[in-house]
Each structure stands twice: as structure tokens, then as C-alpha cells.
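Contents: one structure, followed by commentary.
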Amino acid sequence: MPRTSRTRLGLAGVLAAVLVSAGVATGPAAQAHEKPRTLADLAERHGRYFGSATDNPELTDAPYTKILGDEFDMITPGNGMKWYATEPQQGVFDFSAGDEIVDLARANKQKVRAHTLVWHSQLPGWLTDREWTAPELRAVLKNHIQTEVRHYRGKVYAWDVVNEAFNEDGTYRETIFYKTLGPGYIADALRWAHQADPRARLYLNDYNVEAVGPKSDAYYALAKKLKAQGVPLHGFGLQAHLALQYGYPTSLEDNLRRFSRLGLDTALTEVDVRMELPATEEKLARQADWYRDMTESCLAVRRCVGITIWDYTDKYSWIPAFFPGEGAALPWDEQLAPKPAYYALRDALKQRR
């Protein structure tokens, strides 16, 4: 054997020995045992998380929970932490639904984005069926927030504290809280949540705020004011419930960037991209482009910390029940098979930045 060949083999052998001693497998055995990277793995390389919402009824679906546990590193309870579920009677709390999802996340070594403390929808009848004085409602709101946040103290990464506080034109939504307490209820809610769990990241969260416009401008002005007042606000959640027929929010990256400049984290918190049915190859391809574009926008802004899709499969999507004739909104289909959107997400997350 020529000397040069022996030299090359010797160097290769030395390199292999170094890798083995460092605990790094080499050769065909390494290739055979290498697991394909998940969305969470790929996002982690960028310092981001990649999550999914889930809900208690689907947790009995073993193939579904297998993907939920394998592919994501953050989960959000779709309904189990909302007011109607957690305080069905005044002063009587039930955390069983939220606890089930927190326990599942712990078993899968996932974090939890908790959702949501103050929202105009899915409120219990005892709260909405009577008139409250401002002192009465203030006490009720504080007790609800602090009891729930204390229960999950140290168990959740972040809270959507106030959800959907503005109308499309940037005016305050006329909720029971706004009408009775005025706009100051938002700062109070954030302060009370922070007192109950000083380590949790606290968010405002809404839909149709992905583009720069009247609604996102209202949140920008509010966030700037709250930060100036020292209110504990840490992030802004953009739900990103999009629909192909209404066009893509092309100013998303600029919008994320301006909230970051306020010193806030941002996150895409409830992502889905619905379409008018039936789904076609062209629509699915366009949907994939939108998922890719949203992901790339988040990766381009340092303080966009992660993405959560609003459940990962069409099998459990909320869209068909609320938007008749629409659906196919998620990266996995009803048979839990990946769609073009899934591969677009992977492509976006594989990019080096």
C-alpha cells in the first residue's frame, strides 16, 4: 500500500477515535440511529420554540398525542384555563383540565404557554348575568387572576393575560371589564398576575394585529404607555389566524420589529391559515408559502421568541365549526399526515441566519 494511503487512513482513524472518545458516534451506525429533527429541534437552533395548542378531549387519541409529544417543545391549552373552565361558580375553582395538560407537558419535557386570564368570551354565567359595581368587579377580577396564576406558579412559561382588548378600528372593545372598570383594567391585570408569579412572562394577545394598522397601532401605543409606567408587560402575542382569501400581512416583520424596539418579546401564538374548501394543490401550495413566510419573519426579528400553531392537525381544528365552508388550516391533515405546509415550516427553520 502506498505511504500516502496509509497516512490518510491513519488520520481518519485518529479522528474517529477522538469523536468516539467525545461520545460522538460515527459511520453507518451513527447514520442508522440518527433521528430526524423535529420542528422544535430546528427552532431551537435559532433560540426559538415551536409549539402547538391542544385540548383535553383529544388527549385520548394516542397517535395524536405521540406527534404532539415528539414534534413540539411548547403547548398551549386551547380551553382548559379559560374562566368558564377554571371558576365555574364564583369562588369555586376547578383546575383539572389545565392540570391535565400541564402534567402532559411535564411528561414530555415541554413548556406551557398559559391561555387566558381576561377575555370577553367563554365567561361563566354567574359573571355575565348580573350587573357589578366597579369595586365588586375589581375584587372578582383580582381574585380570579391571582388564584389561577398562583395555582400554576412555576409550572408555566408565560400567560396571555388580556386577550382581544381592541376593536378592528383601534378602539377599546366594550367588554364587561372595560365598561365597568375602564381601560385601567389591563394594567391592573398585568400587575396582579406579576404579583402572583413574578417569573412568568406576561402577554397581551389578539388577532388581526399581524400587519401594521389601526388595531396593531392601538396595541403599540398601549404597550408604550404601559412600559413607561413600569407595568409588568413582557410580550405581545400575534394570533395569526390567517385566511388565504384575505391576503397575507406583508408588514408582519416590520410590525414584530417595532414591538421589539419597545423592549417586548413577540410571538406568533395561534397560527393557522384557513382556506375556502375544497382544498386544492394550488391553495395548499400558497398556504405553505404563508407558513414559510411567517416563520421567516419571526426568525428575522431577534425578540420573536417562538411560534405556536392552533393545534397542529385539521382533525381537531376549530375552523370548520366557526367558519362554515372553510378549513384545511393546519400543517397536518385529518389523518395526521404532513401537508406541504409542514415541509415549508421545516425548510424555513433549516435556514442559517
Side-chain angles (χ1 to χ4, degrees), residues 53 55 76-95 97-98 113-152 158-197 200 202-209 214-219 221-223 225-226 229 231-233 235-239 241 269-270 310 318 321-322:
D55 209 355
T76 297
N79 289 292
M81 291 183 177
K82 291 174 180 173
W83 200 322
Y84 83 102
T86 55
E87 195 180 0
Q89 302 175 53
Q90 185 174 1
V92 178
F93 288 85
D94 180 0
F95 297 115
R113 285 197 85 257
H115 174 83
T116 178
L117 293 170
V118 187
W119 189 32
H120 66 275
S121 186
Q122 291 181 259
L123 295 170
W126 65 262
L127 184 62
T128 58
D129 290 347
R130 57 159 286 186
E131 295 292 325
W132 300 88
T133 67
E136 287 172 340
L137 186 60
R138 182 178 168 85
V140 165
L141 183 61
K142 180 178 181 180
N143 183 62
H144 177 79
I145 290 171
Q146 296 207 315
T147 302
E148 184 164 5
V149 174
R150 285 192 188 108
H151 178 82
Y152 289 110
W159 276 101
D160 289 330
V161 178
V162 178
N163 195 47
E164 302 175 5
F166 285 101
N167 297 311
E168 298 304 301
D169 63 359
T171 59
Y172 281 97
R173 188 188 288 270
E174 294 279 327
T175 69
I176 181 176
F177 310 108
Y178 177 79
K179 288 190 293 185
T180 308
L181 301 174
Y185 83 92
I186 296 174
D188 286 338
L190 290 162
R191 292 188 183 102
W192 293 331
H194 184 67
Q195 289 169 5
D197 186 355
L202 305 181
Y203 279 70
L204 304 177
N205 190 57
D206 214 325
Y207 64 93
N208 285 354
V209 292
K215 196 173 186 181
S216 61
D217 287 349
Y219 274 104
L222 175 61
K225 179 181 177 181
L226 293 173
Q229 294 173 343
V231 176
L233 173 65
F236 181 49
L238 301 84
Q239 292 180 14
H241 291 298
T269 56
E270 305 183 21
W310 206 239
W318 70 291
F322 286 83

With D169 via side chain to side chain donor-acceptor pair (under 3.5 Å) - residues at least two apart: T171
Beyond-backbone contact of L117 with V162, side-chain heavy atoms, under 4.5 angstrom: no
Heavy-atom closest pair, residues G170 and A218: O-CB, 3.4 Å
Donor on one side chain, acceptor on other, N208 and Q239, under 3.5 Å: no
Quiz item: cation-pi between R130 and W126, 6.0 Å / 45°: no
N79 versus Q122, closest heavy-atom pair with distance: OD1-NE2, 3.0 Å
Short N-O contact, E270 and R113, less than 4.0 angstrom: no
Non-hydrogen atoms of G80 and A97 that approach each other most closely: CA-CB, 3.8 Å
Gap separating the OH atom of Y84 from the CE atom of M81, nearest 0.5 angstrom: 12.5 Å
D206/K215 ion pair, N-O < 4.0 Å: yes
Atom CD of Q229: over 12 foreign heavy atoms under 6.0 Å: yes
Any side-chain heavy-atom pair of T133 and L137 under 4.5 Å: no
Side-chain donor/acceptor of E87 to backbone N/O of G91, under 3.5 Å: yes
Validation row, ring centre H241 to ring centre W318 under 6.0 Å: yes
Test log, rule side-chain contact (heavy atoms from CB on, under 4.5 Å), inputs L204 and L222: CA-CA 10 Å; L204 304 177; L222 175 61; 3.9 Å; yes
Non-hydrogen side-chain atoms of H144 and T86 separated by less than 4.5 Å: yes
Minimum heavy-atom distance H194-P232, with the two atoms named: CB-CG, 3.5 Å
Sub-4.5 Å side-chain heavy-atom contact between L238 and T269: no
Intermediate values then yes/no, ring-ring contact (aromatic ring centres under 6.0 Å, His included), H115 and W310: CA-CA 12 Å; H115 174 83; W310 206 239; 5.4 Å; yes
Output field: ring centroids F95/H151 closer than 6.0 Å: yes
Shortest non-hydrogen contact from W132 toward L127: NE1-O, 2.8 Å
Polar side-chain atom of W119 near backbone of W83 as donor-acceptor pair, under 3.5 Å: no
With sequence neighbours excluded, residues passing salt bridge (Lys or Arg N to Asp or Glu O under 4.0 Å) with D55: none
Note, W159 side chain near Y203 side chain (heavy atom, < 4.5 Å): no
T116 (side chain) donor-acceptor with D160 (main chain) under 3.5 angstrom: yes
Crowding at CD, Q89 (>12 non-hydrogen neighbours, <6.0 Å): no
E164 and N205 side chains, donor-acceptor separation under 3.5 Å: no
Minimal non-hydrogen separation, P88 against V92, with atom names: CD-O, 3.4 Å
Check: Q146 side chain, N143 main-chain N or O, donor-acceptor pair, under 3.5 Å: no
Result block: side-chain N/O donor-acceptor pairs under 3.5 angstrom for residues 179-193, not counting sequence neighbours:
| from | atom 1 | to | atom 2 | distance (Å) |
| --- | --- | --- | --- | --- |
| T180 | OG1 | I176 | O | 2.8 |
| D188 | OD2 | R138 | NH1 | 2.5 |

Side-chain donor/acceptor of N167 to backbone N/O of Y172, under 3.5 Å: yes
